[in-house]
Student: 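My structure is below; once you've seen it, I'll send some questions.
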Amino acid sequence: MDKTTIITRFPPSPTGYLHLGGARTAIFNWLYARHTGGRFILRFEDTDVERSTQESVDAIFEALDWLGIDWDEGPYYQSKRYDVYKEYINRLIDSGHAYYCTCTPEQVEQMRNAARESGGKPRYDGTCREKNLKWQEGAVVRFKTPPTGSTVVDDKIRGPIAFANAELDDFIIARGDGSPMYNLAVVVDDITMNINTIIRGDDHISNTPKQILLYQALGCEIPDFGHVPMVLGHDKSRLSKRHGAMSVTAYRDMGYHPEAMVNYLVRLGWSHGDQEFFTRAELIEKFNLEHIGRSAGVFNPEKLLALNAEHIRAAGTPDLAPYLLPFLKAKKISAEPGDYLNGVIGTLKPRSKTFIEMADGARFYFQEKPAYDAQAATKFLNSGLLAPMSKLTDAISQTEAFDEPSLEEIFKKVMADADLKFGKIAQPVRVALTGGTVSPGVFEMMIALGKSRVVSRLKDAVAFMEKNVAAAG
RNA sequence: GGCCCCAUCGUCUAGCGGCCUAGGACGCUGGCCUCUCACGCCGGUAACACGGGUUCGAACCCCGUUGGGGUCACCA
């Protein structure tokens with residue numbers, strides 16, 4: 001098979017949101033295509049009309065978009081390609097590789113039960129296999145699986161895996177209404193779309209021999225298969241709702257950076273020595289199939305969170321603004337892109353694990369007047385600190401150069417005059433500026449706020465303190 | 001249950017026969033730095049599932065056991 005250009009694909013079935021495991025296989029396929037300079041195709045496997053929905057398609061687009069995964073071809077929809085499948089199904093029947101079967105689901109169910117009871121493998125017993133039936137209303141098409149021999153999957157991640165053909169059933173490739181079943185549709189699509197590299201979840205491994213048999217019956221070349229281990233929940237069982245958030249977009253909504261999500265998901269099951277942090281460019285450069293692990297991995301939200309903090313810290317400040325803005329808006333904090341916002345983000349970057357935390361931390365920057373925390377105000381905005389605070393306010397309002405060295409100079413003078421340590425004066429200033437006792441460093445914060453806000457907040461605090469002194473006296 | 005896959009710290013992993021008294025990361029934890037909170041820095045905790053082989057030598061190779069996972073649809 002021609003592998004000069006690697007062609008991969010991501011074929012979700014639109015029956016729900018894109019979950020973590022699906023996102024990871026999408027990323028793996030995308031990365032492999034990008035790494036090799038190949039092509040990546042998106043295809044919706046929506047032959048199950050009962051469960052496929054447009055909402056799911058939209059949700060998947062949304063998730064892919066957030067993750068920054070783009071495709072070179074598609075999206076294709078299997079539901080629009082029934083004529084193609086029909087052609088291949090007929091080809092299989094004509095060549096004797098498949099046959100019509102009129103056994104009802106109930107009959108097949110009985111066969112299976114009977115086989116189970118006699119200790120055998122539940123399977124279709126081949127009633128119609130040699131009948132050479134013609135088409136008739138409601139007949140399904142079954143693939144004529146070779147009764148002997150074995151089919152080997154030469155897995156690019158795990159090595160060769162052999163399946164005895166006798167273990168395989170005469171599986172249905174077309175339903176009674178003529179619509180294609182999964183294995184047939186996948187193979188036909190992958191053939192017609194020239195897919196030569198299939199990276200998918202472990203759970204598909206048992207489908208692979210069936211698909212290989214289909215390729216062989218059709219006389220087509222077999223693509224490379226690589227089965228990646230699954231993503232498990234904390235109890236080591238398959239990821240499900242009880243493990244908490246599973247949809248990738250839920251992490252977007254919880255304030256995660258897509259680069260962190262991609263980094264985490266890729267690193268879960270793939271490694272590059274001891275390296276933990278990867279930018280997208282690095283991932284594209286370094287990703288390969290050789291270092292994909294063989295054992296299933298447990299999804300660890302704590303590590304994702306730590307990685308998210310790291311990506312936020314490492315990102316360029318202006319790049320963070322578009323991610324933060326929606327969270328600011330959700331908290332009714334009115335901010336606009338620009339220098340002021342960027343200054344704010346700069347001070348919050350090293351102390352925010354998520355954009356939600358960052359938005360919370362940004363609140364005081366955008367308030368007209370900070371709301372004093374009662375405890376903080378009594379402790380730090382009291383009469384004892386009135387004189388130095390007042391002096392500091394005057395000095396700052398009169399300074400020309402509003403930068404760190406000059407601010408530091410002013411603080412030193414006030415501290416010396418009042419015989420105070422820096423900590424003693426920093427806390428009241430912090431409360432005056434933010435309303436609380438936890439914030440970025442006072443100097444960087446003052447610079448981010450800008451002189452006018454600082455002076456106005458300081459004056460308010462001094463007034464507040466004077467009022468308290470008057471009330472007390 | 002049949003078939004298939006997997007097996008290094010709690011978790012993600014490095015390791016591809018000697019560099020391993022097993023390294024990194026998250027978590028937990030002691031300390032340092034310090035204007036608060038963080039960041040950062042230094043240190044600690046903790047693993048080769050078990051049993052047989054092969055070999056001068058095994059975390060790495062083979063077999064078995066145990067454990068975990070997947071899959072057995074007119075779902076994908």
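We use all heavy atoms of the structure for the numbers below, so side chains are in, but hydrogens, waters and symmetry mates are not.
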Student: Quantified in whole Å, what is the P atom distance between nucleotide B:A59 and nucleotide B:C50?
Tutor: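 Here B:A59 and B:C50 have their P atoms 11 Å from each other.
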Student: Looking only at N and O atoms, is any donor in the side chain of A:R158 or the base of B:C5 less than 3.5 Å from an acceptor on the other one?
Tutor: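 Answer no: no donor N or O sits under 3.5 Å from an acceptor.
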Student: Just how far, in rounded Å, is P of B:A14 from CZ of A:F278?
Tutor: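 The distance from CZ of A:F278 to P of B:A14 comes to 11 Å, rounded to the nearest Å.
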Student: Checking A:D202 now: which residues fulfil salt bridge (charged side-chain N to carboxylate O under 4.0 Å, His left out) with it, not counting sequence neighbours?
Tutor: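 In terms of salt bridge (charged side-chain N to carboxylate O under 4.0 Å, His left out), with neighbours along the sequence ignored, A:D202 is linked to A:R158.
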Student: With rounding to whole Å, what would you report as the distance between B:A22 and B:C16 at their C1' atoms?
Tutor: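 These two C1' atoms come out 15 Å apart once rounded.
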Student: Hey, are A:E444 and A:R351 close enough for a salt bridge, meaning a charged N less than 4.0 Å from a carboxylate O?
Tutor: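 The answer is yes: the pair qualifies as a salt bridge.
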Student: Would you mind reading off the distance between A:I292 atom CD1 and B:U13 atom P, rounded to a whole angstrom?
Tutor: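 Atom CD1 in A:I292 sits about 11 Å away from atom P in B:U13.
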Student: Taking atom types as modelled, is there a side-chain donor on A:D189 or A:Y85 under 3.5 Å from an acceptor on the other?
Tutor: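 Looking only at side-chain atoms, A:Y85 and A:D189 do form a donor-acceptor pair, the distance falling under 3.5 Å.
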Student: How about A:R430 and A:T434: does a side-chain donor come under 3.5 Å of a side-chain acceptor?
Tutor: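 No - no donor-acceptor pair under 3.5 Å links their side chains.
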Student: Can you tell me how far C1' in B:C48 sits from the matching atom in B:G67, rounded to whole Å?
Tutor: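 To the nearest whole Å, 16 Å.
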Student: Identify, with sequence neighbours excluded, every residue that meets salt bridge (charged side-chain N to carboxylate O under 4.0 Å, His left out) alongside A:D58.
Tutor: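 Result, salt bridge (charged side-chain N to carboxylate O under 4.0 Å, His left out) vs A:D58: none returned.
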Student: Given that A:V298 and A:F163 both sit by RNA chain B, which one's nearest nucleotide is further toward the 5' end?
Tutor: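 Final value for this comparison: A:F163.
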Student: May I ask you to verify whether the side chain of A:R430 and the base of B:C35 hold a donor-acceptor pair under 3.5 Å?
Tutor: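 Indeed, a donor on one side and an acceptor on the other fall under 3.5 Å apart.
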Student: With a 4.0 Å cut-off, would you call A:E409 and A:K413 a salt bridge?
Tutor: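 Salt bridge absent between A:E409 and A:K413.
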Student: Could you measure between the two C1' atoms, the one in B:U34 and the one in B:C28, and give it in whole Å?
Tutor: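 Looking at atom C1' only, B:U34 and B:C28 are 23 Å apart.
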Student: The criterion is salt bridge (charged side-chain N to carboxylate O under 4.0 Å, His left out); which residues satisfy it with A:E357, sequence neighbours excluded?
Tutor: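 By the salt bridge (charged side-chain N to carboxylate O under 4.0 Å, His left out) rule, A:E357 matches no residue at all.
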Student: May I have the distance from A:L168 (atom CG) to B:U71 (atom C1'), rounded to whole angstrom?
Tutor: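 Spelled out: CG on A:L168 to C1' on B:U71 is 11 Å.
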Student: Before accepting this row, confirm whether a basic side-chain N of the pair A:R51/A:D48 lies closer than 4.0 Å to the acidic partner's carboxylate O.
Tutor: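 So A:R51 pairs with A:D48 through a salt bridge.
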Student: Determine whether a donor-acceptor pair (one donor, one acceptor, N or O, separation below 3.5 Å) exists between the side chain of A:N183 and the base of B:A76.
Tutor: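 Under the 3.5 Å cut-off, the side chain and the base do not form any donor-acceptor pair.
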Student: Treat primed atoms plus P, OP1 and OP2 as sugar-phosphate and everything else as base, then score nucleotides 22-32 of chain B 5' to 3': B for base contact with protein heavy atoms under 4.0 Å, S for sugar-phosphate contact only, - for none.
Tutor: -BBBS------
Student: For a quick check under 3.5 Å, do A:Q78 and A:D46 share a side-chain donor-acceptor pair by atom type?
Tutor: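 Short answer, no.
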Student: Measuring to OP1 and OP2 of B:A73, would you say a side-chain N or O of A:R112 lies under 4.0 angstrom away?
Tutor: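 Checking B:A73 against A:R112, a side-chain N or O does come within under 4.0 Å of OP1 or OP2.
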Student: With C1' as the reference atom in both, quote the distance from B:C61 to B:G1 in angstrom, rounded to an integer.
Tutor: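 My reading of the C1' atoms in B:C61 and B:G1 gives 32 Å.
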Student: Mind checking the C1' distance from B:G69 to B:C62? Whole angstroms is fine.
Tutor: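 Between the two C1' atoms, the distance is 24 Å.
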Student: How does protein reach along nucleotides 62-70 of chain B, written 5' to 3' as B (base within reach of a heavy atom under 4.0 Å), S (only sugar-phosphate), or - (no contact)?
Tutor: -------SS
Student: Using the P atom as the reference point in each nucleotide, state the distance between B:C35 and B:A25 in Å, no decimals.
Tutor: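 To the nearest whole Å, 28 Å.
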Student: Report the relative orientation of the aromatic rings in A:W71 and A:F61; use parallel for angles under 30°, tilted for 30 to 60°, perpendicular for over 60°.
Tutor: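 Judged by the thresholds at 30° and 60°, the geometry between A:W71 and A:F61 is parallel.
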Student: So does A:D419 have more than 12 non-hydrogen atoms from other groups sitting under 6.0 Å from CG?
Tutor: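 Open.
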Student: Whether A:R175 contacts B:C75 is assessed here as follows: a side-chain N or O lying under 4.0 Å from the phosphate OP1 or OP2. Is that the case?
Tutor: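 It does, given that an N or O in the side chain of A:R175 lies less than 4.0 Å from OP1 or OP2 of B:C75.
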Student: Taking CZ from A:F443 and P from B:C35, how many angstroms apart are they, rounded to a whole number?
Tutor: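 Interatomic distance, CZ of A:F443 to P of B:C35: 10 Å.
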Student: For each nucleotide in nucleotides 41-48 of chain B, reading 5' to 3', give B when a protein heavy atom comes within less than 4.0 Å of its base, S when such contact involves only the sugar-phosphate, and - otherwise.
Tutor: --------
